[in-house]
Amino acid sequence: GMKRIYNILYVLFLVAIYAPVSSCSQQAGPEGVKDQFGAVTRFIEPERSVYLFFSAHDHFQGIHTVLSSLERHDVQASFFLTGDCLRDPENEPVIMSIIENGHYLGPHSDKHLLYVPWDVGPERDSLLLTKDEFEKDLLDNVLALEPFPVDIREVKWFLPPYEWYNRDIVEWSNELGMEVVNFTTGIGTNADYTTPEMPNYRTSEEIITRLWEYEARHGLEGRILLIHPGVHPDRPDPLYEHLYDIISDLISKGYVLKRLNH
């Protein structure tokens with residue numbers, strides 16, 4: 001009712017006041033390279049930097065392993081959580097830990113909606129929701145961050161659900177003061193959600209092999225690697241179990257791990 005309207009107006013007010021500030025401060029950071037839809041999928045970096053992303057909705061069982069792997073290496077990453085994930089009381093201690101350890105925390109859709117059909121053409125010029133439904137979904141997700149010690153005026157980056165979006169989603173996000181970001185294609189760590197009965201199933205060994213093949217061919221400077229901190233229970237050997245070793249190898253190859261800035 002009225003509280004919801006007030007909340008939306010409040011978020012829109014913050015966006016209107018602070019969007020110019022965040023865009024100015026971002027200019028001091030690395031320049032983003034955008035895909036055909038306008039989402040940032042890589043950064044132009046003066047140093048050998050890599051960005052680790054973690055997105056979660058209903059599967060979150062690996063978050064302790066993820067946080068401990070990051071903490072043991074003293075590196076920071078970027079986390080994108082749905083409203084459902086943020087509101088689950090069981091998740092509160094680890095979400096506090098994400099914030100206290102200085103990681104970026106941003107939205108991943110309130111209800112993990114599919115915005116664009118899977119079987120759409122390369123332009124993805126089809127949507128499964130209206131602009132109003134999209135805005136409600138994203139703003140509800142931002143409001144779910146409010147109970148935590150997060151300055152929602154500094155929540156600038158948004159990773160769409162399923163990492164699947166089109167130009168409309170990117171433009172609508174921009175209107176709300178958000179910048180859409182996604183993993184760098186070709187690296188393949190995002191395939192860690194797959195389970196053995198899926199035709200696109202990749203074992204963790206295959207994923208890690210592909211990662212280092214990509215690195216040997218292209219380097220990982222400014223690249224974004226996505227790993228899921230929770231996967232379907234049918235998946236044996238989740239990739240997050242190998243995170244500590246992946247980070248060790250990145251560091252030994254001279255990479256610096258960075259989190260997103262506001």
Side-chain angles (χ1 to χ4, degrees), residues 51-72 76-99 101 103-116 118 128 137-138 140-145 147-148 150 155 157-165 180-185 187-208 210-211 224-247 259-260:
Y51 291 78
L52 283 179
F53 278 19
F54 299 93
S55 64
H57 172 48
D58 51 352
H59 299 306
F60 207 40
Q61 74 273 38
I63 187 63
H64 297 284
T65 303
V66 166
L67 286 173
S68 114
S69 300
L70 294 168
E71 193 171 358
R72 282 157 65 202
Q76 290 180 324
S78 304
F79 290 81
F80 296 89
L81 306 180
T82 63
D84 285 347
C85 183
L86 290 163
R87 283 184 294 267
D88 186 334
E90 284 185 23
N91 294 339
E92 189 178 337
V94 286
I95 293 167
M96 287 299 296
S97 184
I98 288 170
I99 297 162
N101 283 296
H103 304 294
Y104 177 83
L105 180 59
H108 188 49
S109 149
D110 194 59
K111 295 291 184 187
H112 207 254
L113 305 178
L114 186 63
Y115 293 158
V116 178
W118 287 118
L128 295 170
D137 181 60
L138 180 49
D140 281 348
N141 194 178
V142 173
L143 289 168
L145 288 165
F148 295 96
V150 170
V155 176
W157 299 100
F158 166 47
L159 179 68
Y162 302 98
E163 295 76 50
W164 193 245
Y165 50 89
V180 173
V181 69
N182 196 18
F183 61 82
T184 308
T185 54
I187 295 172
T189 51
N190 53 294
D192 67 341
Y193 74 90
T194 56
T195 54
E197 74 279 0
M198 293 182 181
N200 60 337
Y201 175 60
R202 296 287 179 277
T203 65
S204 289
E205 186 183 1
E206 287 171 326
I207 290 170
I208 292 166
R210 180 174 173 178
L211 165 64
I224 298 167
L225 279 62
L226 177 76
I227 294 175
H228 292 94
V231 291
H232 194 281
D234 288 352
R235 182 180 176 91
D237 187 31
L239 188 63
Y240 60 72
E241 298 284 1
H242 302 270
L243 180 61
Y244 182 85
D245 292 338
I246 289 170
I247 296 172
R259 53 156 273 176
L260 289 171

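The chain is numbered in sequence order, starting from 1. Only a predicted model underlies this, so the values are computations on that prediction, with no experimental measurement involved.
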Participant: Are the side chains of His103 and Leu67 in contact, using a 4.5 Å heavy-atom criterion?
Facilitator: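 Contact flag for Leu67/His103 side chains = yes.
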Participant: Please give me the minimum heavy-atom distance between His59 and Pro233, naming the atom from each residue.
Facilitator: CE1-CD, 4.0 Å
Participant: Do Asp88 and Phe60 touch side chain to side chain, with heavy atoms closer than 4.5 Å?
Facilitator: no
Participant: Please answer whether the main-chain N or O of Arg202 pairs with a side-chain N or O of Thr194 as donor and acceptor at a distance below 3.5 Å.
Facilitator: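 It does hold such a pair.
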Participant: So does Ile224 get a backbone contact from the side chain of Thr184, meaning a donor-acceptor N/O pair under 3.5 Å?
Facilitator: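 Yes; judged by distance alone, with no hydrogens or angles, the pair exists.
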Participant: Is a donor on one side and an acceptor on the other found under 3.5 Å between the side chain of Asn91 and the backbone of Leu86?
Facilitator: no
Participant: So for atom CD, which belongs to Glu90, do other residues, nucleotides or ligands contribute more than 12 heavy atoms lying within a distance under 6.0 Å?
Facilitator: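 No, the 6.0 Å shell around CD holds no more than 12 heavy atoms from other groups.
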Participant: Short question: side chain of Ser69, backbone of Thr65 - any donor-acceptor pair under 3.5 Å?
Facilitator: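 Present.
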Participant: Taking the side chain as every heavy atom from C-beta outward, state whether Ser204 and Arg235 have any atom pair closer than 4.5 Å.
Facilitator: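 The answer is yes; the side chains approach within 4.5 Å.
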Participant: Can you name the nearest heavy-atom pair linking Leu52 to Ala77, along with the distance?
Facilitator: O-CB, 3.5 Å
Participant: Can you see which heavy atom on Phe158 is nearest to which on Tyr115, and at what distance?
Facilitator: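 Looking at all heavy atoms of both residues, the closest pair is CZ-OH, 3.7 Å.
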Participant: Heavy atoms, side chains only, cut-off 4.5 Å: are Asp110 and Leu143 in contact?
Facilitator: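 They are not in side-chain contact.
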Participant: Quick check: does any side chain N or O of Asp192 sit under 3.5 Å from a backbone N or O of His228, one acting as donor and the other as acceptor?
Facilitator: yes
Participant: Is there a side-chain contact between Gln61 and Tyr240 in this structure, where contact means two heavy atoms from C-beta onward sitting under 4.5 Å apart?
Facilitator: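 They are in contact (side-chain heavy atoms under 4.5 Å apart), so the answer is yes.
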Participant: Please name the pair of heavy atoms, one in Gly83 and one in Asn141, separated by the smallest distance, quoted to 0.1 Å.
Facilitator: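 Heavy-atom minimum between the residues: N-ND2, 3.2 Å.
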Participant: Please report the shortest heavy-atom distance between Cys85 and Ile95, naming the atom on each side.
Facilitator: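 Heavy atoms only, the tightest pair is O-CD1, 3.9 Å.
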Participant: Quick one, Leu243 and Ile227 - any side-chain contact, counting heavy atoms below 4.5 Å?
Facilitator: yes
Participant: Taking the six-membered ring for Trp and the single ring otherwise, decide whether the centroids of Phe80 and Tyr104 are under 6.0 Å apart.
Facilitator: yes
Participant: Do the non-hydrogen side-chain atoms of Phe183 and Phe53 ever get within less than 4.5 Å of each other?
Facilitator: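 The answer is no; the side chains never approach within 4.5 Å.
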Participant: Evaluate the ring planes of Phe79 and Phe54, with Trp represented by its six-membered ring, and classify them as parallel (under 30°), tilted (30 to 60°) or perpendicular (over 60°).
Facilitator: parallel
Participant: Side chains of Leu105 and Leu145: closer than 4.5 Å at any heavy-atom pair?
Facilitator: yes
Participant: Would you find a donor on one side and an acceptor on the other, under 3.5 Å apart, between the side chain of Thr189 and the backbone of Leu226?
Facilitator: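 Checked: pair present.
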Participant: Closest approach of Gly188 and Ile207, non-hydrogen atoms and distance?
Facilitator: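 So the minimum-distance heavy-atom pair works out to O-CG2, 3.9 Å.
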